[in-house]
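Data first, discussion second: the structure below is written as C-alpha cells.
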Amino acid sequence: MFTGLVVEMWDVDSLRPSGAGTTLVLKGGPVAREAEVGDSIAVNGVCLTVTAIDQGRLSFDASAETLRSTGLGKLRPGGKVNIEPSLRADGKLGGHFVTGHVDAVGRIRSINKDGETWTIEVSAPREVLRYLVDKGSVAVDGVSLTVVKVFDEHFSLVIIPHTAKITTIGAKKAGDEVNLEADIIGKYVFRFLNRGSDEQKDSVGSLTDVLKKSGFVT
C-alpha cells in the first residue's frame, strides 16, 4: 500500500529483456540505501519488488502483463521515474490510499500554465473515468492528485509548483502517457452501490451518477 506522495525521482539505468518481461535497473537516492531485496516500491505508480541491489542500483522484474498495461515498457535509460516506498504501519497517510495496481494508461491532452500553477487535462478510458469524481483523488504516475473536473473522455488537474518540482509531472508535455490508478475507496463505493448490476454494461454510469441516484449527492 502507498499514499501517492512521491519522495524521490530516480534515474533509469537500463532495461534488459528477461524472459517475456524486462529487468528494470534504477539508480537510487537515499531511499535506495535503506531498501532491501524483497521490498515493495512504487515506480511511476506501479508496485514492483526489489530483486537485486548493487552499489545504489536497484533491479526490478516487470512481467509482460505489467509492461502491456502500464507505461513502464516505454521507459528509456536516462529517463526519470517517481519513487515511493511502501507505507509503514506507523507511517503518515498524507495523500490517499494507492495500491500500486495501475488501472490504465492515459495521455496528456494539454498543459496550460496560469501563474505558478499548471492546469493539465488527461485523456482516460471509461474504466478509469467511471470511478472519478470532482474534487476526488487519482494517482497519476504514482502521484496523488486532486481531480478538478471529470468530462466524458478526460479529466482535469491543477499542479502546484512543489509537485512539478519533485515529481516527473513537471517535465510532462502534451501527448505523453501516464499511469492512472483510480481511488480504491471510490471503486468499493461504486461496486457496493451497484451490487446486483453488471458493472461492464454501458447502462452503468459513473461514480458521480451512482451517488446521485443513491441520494448521496445532488
Side-chain angles (χ1 to χ4, degrees), residues 1-88 95 97-109 120 122-128 138-145 163-164 166-184 187:
M1 185 67 70
F2 305 92
T3 67
L5 297 183
V6 170
V7 297
E8 291 178 356
M9 286 190 288
W10 289 359
D11 296 321
V12 178
D13 184 75
S14 65
L15 295 94
R16 301 192 303 266
S18 177
T22 292
T23 296
L24 173 65
V25 181
L26 305 175
K27 295 178 183 177
V31 170
R33 293 193 287 272
E34 300 177 1
E36 298 179 356
V37 172
D39 283 357
S40 294
I41 294 179
V43 179
N44 273 1
V46 184
C47 180
L48 297 177
T49 300
V50 179
T51 57
I53 301 174
D54 180 19
Q55 297 182 345
R57 290 174 170 80
L58 276 66
S59 297
F60 304 84
D61 290 335
S63 68
E65 171 61 21
T66 297
L67 298 176
R68 183 194 66 79
S69 58
T70 74
L72 293 186
K74 295 187 177 180
L75 293 175
R76 294 294 180 266
K80 291 186 178 297
V81 290
N82 296 321
I83 294 294
E84 181 190 357
S86 56
L87 178 65
R88 293 167 52 100
F97 287 120
V98 177
T99 67
H101 302 154
V102 170
D103 292 311
V105 175
R107 188 179 298 275
I108 295 179
R109 291 166 54 113
I120 299 180
V122 182
S123 296
R126 180 176 172 78
E127 59 262 34
V128 174
V138 64
V140 179
D141 269 356
V143 184
S144 175
L145 297 172
T163 301
I166 68 169
T167 74
T168 61
I169 300 295
K172 294 294 183 182
K173 59 184 183 300
D176 285 350
E177 292 184 343
V178 287
N179 295 324
L180 302 176
E181 182 188 333
D183 185 1
I184 191 171
K187 294 177 186 178

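Scope of the values below: all heavy atoms of this structure, side chains included, with no hydrogens, waters or symmetry mates.
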Quick one: does any side-chain atom of [X] pair with a main-chain N or O of [Y] as donor and acceptor, under 3.5 Å?
X      : Y      : value
Glu127 : Asp103 : no
Glu181 : Thr99  : yes
Ser59  : Thr51  : no

Compare all side-chain heavy atoms of [X] with those of [Y] and state whether any distance is below 4.5 angstrom.
X      : Y      : result
Asp39  : Pro85  : no
Asn82  : Val43  : no
Ile41  : Leu58  : yes
Val122 : Val178 : yes
Leu145 : Ile120 : no
Asp141 : Lys172 : yes
Val140 : Leu180 : yes

Value rounded to 0.5 Å, distance of [atom1] in [X] from [atom2] in [Y]:
X      : Y      : atom1 : atom2 : value
Thr66  : Asn179 : OG1   : CG    : 10.5 Å
Glu177 : Ile108 : CD    : CD1   : 10.0 Å
Met9   : Asn44  : CE    : CG    : 10.5 Å
Leu72  : Leu15  : CG    : CG    : 8.5 Å
Ile184 : Met1   : CD1   : CE    : 5.5 Å
Ser123 : Arg109 : OG    : CZ    : 4.5 Å

I'd like to know whether Val50 forms a side-chain contact (heavy atoms from CB on, under 4.5 Å) with Phe60, so could you lay out the CA-CA distance, the side-chain angles of the two residues, the decisive distance to 0.1 Å, and finally the verdict. CA-CA 5 Å; Val50 179; Phe60 304 84; 3.6 Å; yes

Determine whether Ile83 and Leu26 satisfy the following criterion, side-chain contact (heavy atoms from CB on, under 4.5 Å), listing intermediate values before the conclusion. CA-CA 10 Å; Ile83 294 294; Leu26 305 175; 4.1 Å; yes

If the condition is side chain to side chain donor-acceptor pair (under 3.5 Å), which residues does [X] pass it with, not counting sequence neighbours?
X      : value
Ser144 : His96
Ser40  : none
Asp183 : none

Heavy-atom closest pair (Glu84 atom, Gly4 atom, distance to 0.1 Å) is OE1-N, 2.9 Å

Nearest heavy-atom pair of Pro125 and Ala104: which atoms, and what distance? CG-CB, 3.5 Å

I'd like to know if Asp11 and Lys80 make a salt bridge, using a cut-off of under 4.0 Å between side-chain N and carboxylate O. yes

CA sep, side-chain torsions, deciding dist, call: Leu75, Val81, side-chain contact (heavy atoms from CB on, under 4.5 Å): CA-CA 9 Å; Leu75 293 175; Val81 290; 3.7 Å; yes

